[in-house]
Structures are given as C-alpha cells and as structure tokens.
Amino acid sequence: MNILYDYIYYAGAFGLIFIGIFTMMVKRNYIKVIIGLSILETGVNLFLISVGYISNGTAPIFSNPGIEAKNMVDPVPQALVLTAIVIGLAVLSLALSMAIRLYKHFGTLDLQQIKEQRW
Amino acid sequence: MRKCIGIILLIIIAWGILTSLQTMPFGVSRAKVANHYINNGKDETGAANIVTSVVINYRAFDTLGEVTVLFLSAIGLGAVLATIKTREKRDTEKASLILSTGCRFLFPPIILFGAYIFIHGHLTPGGGFQGGAIIASAFLLMYLGCHGEKRLNDRCSTFSESLGGLAFVIIGLIGLAVGTHYFLNNFMPLGKFNTLLSAGVIPIIYIAIGFKVGAELSKIIDLLMEES
Amino acid sequence: MNEMSILDPVLLIAIPLGLAFLIPLLGLVSKKIVRWIPVVGFLFNGIVALLILPHVLKQPIIVKIGGFVPPFGINLYAGSVGMLLASLIAITGFLVSIYAVKYITKGAEQKYHILFLLLLTGATGVVLTGDIFNLFVFFEILCISSYALVAYLGTRSGLEASIKYLIQGSIGSSFLLIGIGLLYGQFGTLNMADLARQIVDYTEPSVFVSMVFMITGLGIEAAIFPLNAWLPDAHSSAPSSVSAVLSGIAIEVGLYAVIRVLFTIFAVSNFFIFFMVLGVLTVLIGEMSAFAQKNIKRMLAYSSIGQIGLIVFAFSISTQLGVAGGLFQMVSHTLGKALLFLCAGYMIFRTGSMEISSLEGIGKKMPITALCFTIGTFSIVGLPPFTGFASKFMIIRAALANGELLLQILIGLVLVGTIIEGAYFFKIIQTIYFKGAHKTDNREEAPVTALIPMLILVSFIIVIGMFPNIIDKVLQPAASELLDQVKYIGSVLG
Amino acid sequence: MVNKNPSFVGKVGNFLYLFSFLFLLWFVLTNTLNPEELFTGISISIVLSLILSNNYKKLGLPPLGIKRIEYFIMFTLVLLKEIVKANFDVAYRVLHPKLPIKPGIVIIKTELKQDIAKIILANSITLTPGTFTLDIKGNELLIHWINVRSEKKEESTKKIGERFEKYLKVVFA
C-alpha cells in the first residue's frame, strides 16, 4: 500500500508521458501526433507538479492571517508549470497552424504519404 | 516494426526513471530554495500568493521569456498562415438564438471576471495568464456564437499586445535604472500586506500580462478560425 | 564598477525583446522602418557585447535579476564563453539582418523580422543564463521561432521540414523538462552553480538518468548523430538568411548547452570516449551524406552536421587546448557557414534552382558572390590562410598532444571526413568557375545590402585566420572557464 | 445636448444598466467594502460599460422597476420549486421498473418578444429535468420532453411554458 501511495502520482504522470511518446512515434496521422504531443506535455506538467507536493499540504497563499507557512506545498514547480503550460500551448498552436497548411497543400494529414524530401 | 522499437525504447526509459524516482519520494519535504520563498517571500515581495511572487519576482525573467514565447506563437501562426490566398466560401448556418443571445449577454461579465482574476493575481490564485485566458475565452465565445458578426479589432489587439510586452520590459529597465540597479527589480513600495495596492510592481506587471495574453490568445483564435 | 553598471549584460536580452514587442506598433506607422529594427538591435548588441567582453576575461559578471541572491533568483553568468558566443551571435545577426533587408520580399515580412530578432535573442539568452529552467525557456524561444521560420516560405518542402523539426524538437524539449524536473526533485534548486555544488557523483543512477534526459533533449537541437534527422530538411528548406543563422548559430547554441550541462553541472570527466566516437560518427555520416547531394543547400546542411561532429570531438578531448579548439571551430564554422548560405541564397535566387549543376558559369555572372563562396568553402575545408585552418589545426594539435593511440586513430578518421569535405566542395567550385564557359550572360551581381555582409564575413575569416592570436586571448579563458567547475560555483555563490 | 441627440438618454440608460450589473458582479466577487477595491471595480465597470453598452441594448433587457424585481424574485422561486418537483418526477420514472417514459419532441409557443426573455424561458425549461430546449425559431420553442403528455401545441405550451411565462411577461412588459 505504501509503495502505491508513494508512486501513484508519478506512475500516472509517467504513464501519460509514455502514452504521449508512443503516440507520437507510432501514429501516422499528423493530428494524432499533435494529440500525442499534447498528452506528453500534460504528463510532464503533472510530473513537475507532483514533484513539489508535500503530504497534507495547502496552497502557498497567505490569504488569511492564520495560515501557517509550515504546511505549504512547494511554490516553485507551480511557477514552472505555469511557464511550461504556456510554452506547450504555443507549440501546440503552431503545430495546428501547420496542420491547416499541410492539409491545404497536400490534401492529406498522413505523414507517410508526404515525401517531398528524401534522404 | 516502429511499434516494437517504440516499446523497447519506452521500457528502457521507464527503467531509468524507476531507479531515479527512488531518491525523490512523493510528498516529503520542500527544498531549501522553496523554504526561502515561503518564509521570506511575504516580506521580500509583499505578495500574499507565493506562487505569484515566484513567477513575477524571483523568477520574473522566466516569465518575460514565457510572454515572449506566447507572442512568438501568435506571430509564427500569422507567418505560417500568411501565404494562403485561396479562401473558399463556406455557407455557414447562423447559430441559434439561444447561443447568440447568450454569448452577447455573457460577454461583459466574462471580461470583468478576467479583469478581476488578473488584478488580484498577487492575492488569490490567479494572475495575468489565467485572466488573459479568460478574456480570450470571451472572444472565443463571440466567435462561436455570433460567427461573422463580430471581428477582433486588429489594431486594438496589436496595440494591447505590443504595449503589454513593452510595459514589462520597461518596468524591468526602470528597475535597472533606479534603486538597487537590478533588472526587473521590485522598486515600488510594497504597501500593506494582503490589500489590493500592495506588492510593488507585481500587479502592474500582471495587468500588462493580462492584456497581452488576452490579446494574443484572441488573435490565435481569430487566425485559426479564419483560416480553417 | 560604475562603468559596468551601465553596460549590464542583461541589456543584450532586454533591448532586443523590447524592440521585438515594438515592431508591430512601428508596423502600423511605416512598413519600411521594420526591416531595419533587427539591424539596429544587433548593432546595439554587438557594440555592448564587444564592450563587455574585455571585462569578463578575468572576472565573470554575475547579473542578479531582480536583485535576489543566486540560488533564490535567476542569475545571468556573463563569462568568457557566454560573452564570446553572445558577440558572435550579435555580429552574425547584424550581418544577416542587413542581408535580409532586401532578400525577404515574400510573405509576412514584418513577422519574419520579429521571428528573426527573437530567434537570436533566444540564443543570446541560452548562452548567458545561469539557471537551468531559464535555459529551457530561452531554448524554447529559439526553437519555436525556428519552427515558424522554416515554414516561412510556405512551400511544400518547407512545411514538411518544419513539421519534422517541430515533432522532434518538441519531444526534445519535453525530455529536457523531464530532466529538469528530476533534478529539481532531487536537489531542490534550479541554479546551475547550486546544482553543480550538490551533485557530487554523476554515476549515481538517479543523477545519471536526469543527465541522459537533458543531454538527449538538448542533443536534438544540437544535431548530434542519432538525433539529427530533422536538420538537413529544415536547413535546406528555410529562406537562406534563416539557414545561415540556423546553421551558424542555432546548432552551435544547442551544442553549447550540451557542453555547459556536461562540464559545469555534472562535471563529467570519464564519459568522453562515448562522445568522441559519436562525434567522429557524426563527422563521417555528415560528410558522406553531403558528398552524395545534388542540392546545394542540402549539401551545406549535411556539411554542418559534419562540422558539428568535429566540434563535439574537439570538446570531448576535454583538455584546455581541445576545448579552446572546439570553441574556435564554432567561431569559424559560424562565420564560414553563414557566409556560404548567404552566398548560396543569391546564387539560388539568380539561377532559380537549388541544383548544383545549375550553378555552371555563375563565377562569371556574379564574380564577387562566387569569390566569397569560394573563400567560405576554403575556410570550412580548412585551407591555410583562413580561420578553418587555424581551428582545425588547433584541434589536431590537441588530439595529438597526449599521444594516445585511440585519439590518433579517431583524428585520422576525422581527417578522412575533411578530405571528403574537400572533395565535394571542390566539385562545386569547379562547377562554378570552369564548367559552362560557353555561357556569356551579362553580370548580375547580388545587391549591395547582400554584398556588404558577405565581404565583412570574408574579412573576418581572413583576419582571424591570419592572426589567430586575436581570438586566442578570449579562447583560453573561455576554455578554462568551461573546464573549471569550482571557479564557476565560487563566482556565482560567493 | 439632450435635445440635439435624442438617443442620448437611451445611451445613458444603457450605460447605467450595464454599469450597475457589472459593479454588482464585482462586489459579489470581491466581497469587501475596501475603498481601493470599490474604486477599481467602479473604474473597470465604467470602461467596460462605455465600450459595450451599445451592444447590450440590442438584447432587449427591460428597465429596472420595483414590480419587475418583485416578479423576477417570484419567478426564481417558482423555478426552484419546479426544478425540485421535476427532479422527483424524473427520479420516479427512472427508478420505476416499467420505465414509464414517452420521449418526444414538442413545439410550444411563447408570447415573449425580447430575445433575452426567450433565452431565460428556454434556459428555465432546460434547467427543469425532463424538458430540454433544442432551439428557438421565431416565437416557437422546440422542446424535447421525457414524457410527452400532449402533442398539441396549446396544451404543451400550457404544461411547459406557462408556469414561467406568466412571471416573465410582467418582468419584460
């Protein structure tokens, strides 16, 4: 039970990461690759957040005078995730714009069929 | 074939991560840096929300980069989609009365809520990015509900995104010029803790970010809706 | 100190960022000003960087952003390496942006200039920062602007290349972020110096795993051998001015990040045989693929892979001379490859084709451009009065210095790679000058805005090649800075 | 000024309407009487109302009045009552072993004129379990009903719409 408690969050996060990487490597459809990328980013963000958690922690906000600093979770990963989410969003939107262009140019989203450039 | 390679690769990665995770069990204690932020952040930055003080003060340079990344993505999107000339006419059906009227009714309150979120970034969980996203969602609602009736004002969005970014950089440069001569220094008085006018430059930067993010996300939505 | 407080290295990042935010506003006023904004930005950067450079040779400048003491705030570390690369970036950026004033005529021009400015600002941020997450952020600025710029022309091949680049690059950034997360989880800090102080032994599996993640993530951008599938497509499909900075700056910066992580954070010392072999493999594969190419830009792109392999090899010798040689090779590759891409840009523009065979007779048609191109190839191959010779010679000296047999074999293989390089470059030169002599076209030289940067690059290549001592004064402190981890920690944390 | 521009009063009215709505919302969000917060709220509401009040007029929101507010409160109470009632009804139908449902789509009429009134009616119908507004066409509402008791327009209007409409008619008169 204890092991489960210790690692369940990491397992979830890395599960998402693996699903994302696998999707990106195996799928041929560009949209599916983008979905894989999105899952991968979500997994990484979850991992970062779970790194900073402490048991029975509270949000690091001194909203009432009585709140103590002792139980607060680590604020740094939360700040990092805020940045990482925005960066992920930026990459995602760029990828989607390329999907639009790809479809206009080639009439397909299948990456296997797009062979303009050879080795 | 690719699947096999993928699975083998993933198993290797998983094994590596398992060995690595043993040294960082879940939910134990904070590190030195984080303890410093939590214990001294209140006094050093004047923000009740420690995450905000990390985002806008201790690690403000990251946030400047982050704002730039978002700017970059809006610009890149424009550049990638710029050369499309052919635009087929689509016969879109107008959204039903429920949707269009509801959107119009909700638009001002959503904007107000976004403004509330980014103005109170230093007091409550929230901030410029979240508030900006909410404002962009108001525009998204308008696009979905009243498609074709309302367009984002190009000039207006350009102004708010440029001025938002410039305000951030200029506040940083002012910090370099006055006080202790550090870039992005919190040079303004910290004020009374846990009130609206506290935490020095944090609310100002967050308002700038809120405008910028709202304008940029709306622009991204605008471009994607227009071209798709 | 008074003088230094005005010349804060943070200006190198802040001012271009501010200018980039300003461009859309200026674009409302006048379309013509916008083209000159990157020129102004990089001129400023170049001047500031060159003014700061002498100060940092003895003592690095630690910039505390926001005035917080290093482990708690982000700091910039403006040491010799950082400032050397920052000056290189600023100078190359200045020249290429002059070139781009006339070269970029299609598409969304204003957006091109913003992306170009931000690409190099991201690169400057990467080389100056002393915080590992900040490095990730600037790295993303670099990558995202590259993705957009590769697809800028909107051609089918450019789009495909950009998609490949984006998929691989974003997997790389995710890996980098996982590595950063693992490091933060174990050591609770993101400051490079603080991390370096706490990591006592990188062979411990937990630290090793995070190192592998980070190196893989950064290695994709640096195009080290198994991770470079995106490079030839991306560099050959982008507009030539973009290819020049992608080949000249972006991969170098990726490599710098790899080196910084290896040397400074993990203080690796016995891992280098692996990298040496990787480097040599990269050289051989890059050069052999380049030899088979018929498309000039693809050939130059593959040649960049070969050069990257050479730099990796030089760094993994990990002696003072070797690291200095690697840095020198970076400088000479940046100058040479930027020059080659700039020349190739107008050669392609005039002939309308990227095939090497179509370049016949271009030596008569555009003599100055062809001459610059020739000098560039000579420098890249490593012929005497040019920089390429000096840097390659330094690497060979470093490899032969301790007299190990393995090193001698490997440097032999590297020289084989150089010979292949020479072969295909001479093939091009032969095509340019000696084939198709019957064609008597009138001269169609590139415009002045393109010729000036080319000629300046040529003069750099010749001057540095003739007097390597000029740059040696910077290279030696830079090499010792990379190798001396203790001093790095000491100067940041005090 | 007022005479030259006949719509001026209307404009001010719209402005005040949106302003008071937004400011009330701000007050609910911040939940404090701190002068700084109030001042910020007032200024944001003023700016937003200046920009957006013209569009808001098109929605057809009624002017405020004591009687209207009174009826609106009564409407809310009735809505709550109906929701509770309908919840029990649907729960009964779901739990009953024979599943006594008779799903179907009916059309009801409404006499309300303003768009916003129609929306409120439609949303109230949707909020009550068992009925669901699909669309509005002119003065007819398309409704999915879990247990169609009457297929005639007038009767179903009486059963579904009437209970809300009589209050809304007064509010939006």
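These numbers come from a predicted model, not from an experiment. Below, chains carry the letters A, B, ... as their sequence lines are ordered, and counting in each starts from 1.
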Would you please name every residue forming a ring pair (Phe, Tyr, Trp, His ring centres under 6.0 Å) with Tyr206(B), sequence neighbours left out?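 Once residues adjacent in sequence are excluded, Tyr206(B) has no partner under the ring pair (Phe, Tyr, Trp, His ring centres under 6.0 Å) criterion.
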
What part of [X] lies closer than 4.5 angstrom to a heavy atom of chain B: side chain, backbone, both or neither?
X: Leu48(D); value: side chain
X: Ile119(D); value: side chain
X: Thr40(D); value: side chain

- Message: Which atoms of Leu99(B) are under 4.5 Å from chain D, going by heavy atoms: the side chain, the backbone, both sets, or neither?
- Response: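 When you check distances to chain D, no heavy atom of Leu99(B) falls under 4.5 Å.
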
| Heavy atoms, side chains only, cut-off 4.5 Å: are Phe211(B) and Leu163(B) in contact? |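 Phe211(B) vs Leu163(B): side chains apart.
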
Exercise for review: Kindly indicate whether the side chain of Ile107(D), heavy atoms from C-beta on, has any atom under 4.5 Å from the side chain of Leu142(D).
Suggested key: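 Of all side-chain heavy-atom pairs linking Leu142(D) with Ile107(D), at least one is under 4.5 Å.
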
Notebook entry, point to check: Under the 3.5 angstrom rule, does the side chain of Ser218(B) hit a backbone N or O of Gly214(B) as a donor-acceptor pair?
Noted result: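 Between the backbone of Gly214(B) and the side chain of Ser218(B) there is a qualifying donor-acceptor contact (under 3.5 Å).
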
| Rounded distance [0.5 Å steps], CD1 in Ile125(D) versus OG1 in Thr133(D) |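 Between atom CD1 of Ile125(D) and atom OG1 of Thr133(D) there are 4.5 Å.
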
Do you know which of Ile136(D), Leu29(D), Asp135(D), Ile44(D) has the most heavy-atom pairs with chain B at a distance under 4.5 angstrom?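 Most heavy-atom pairs within the cutoff with chain B belong to Leu29(D).
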
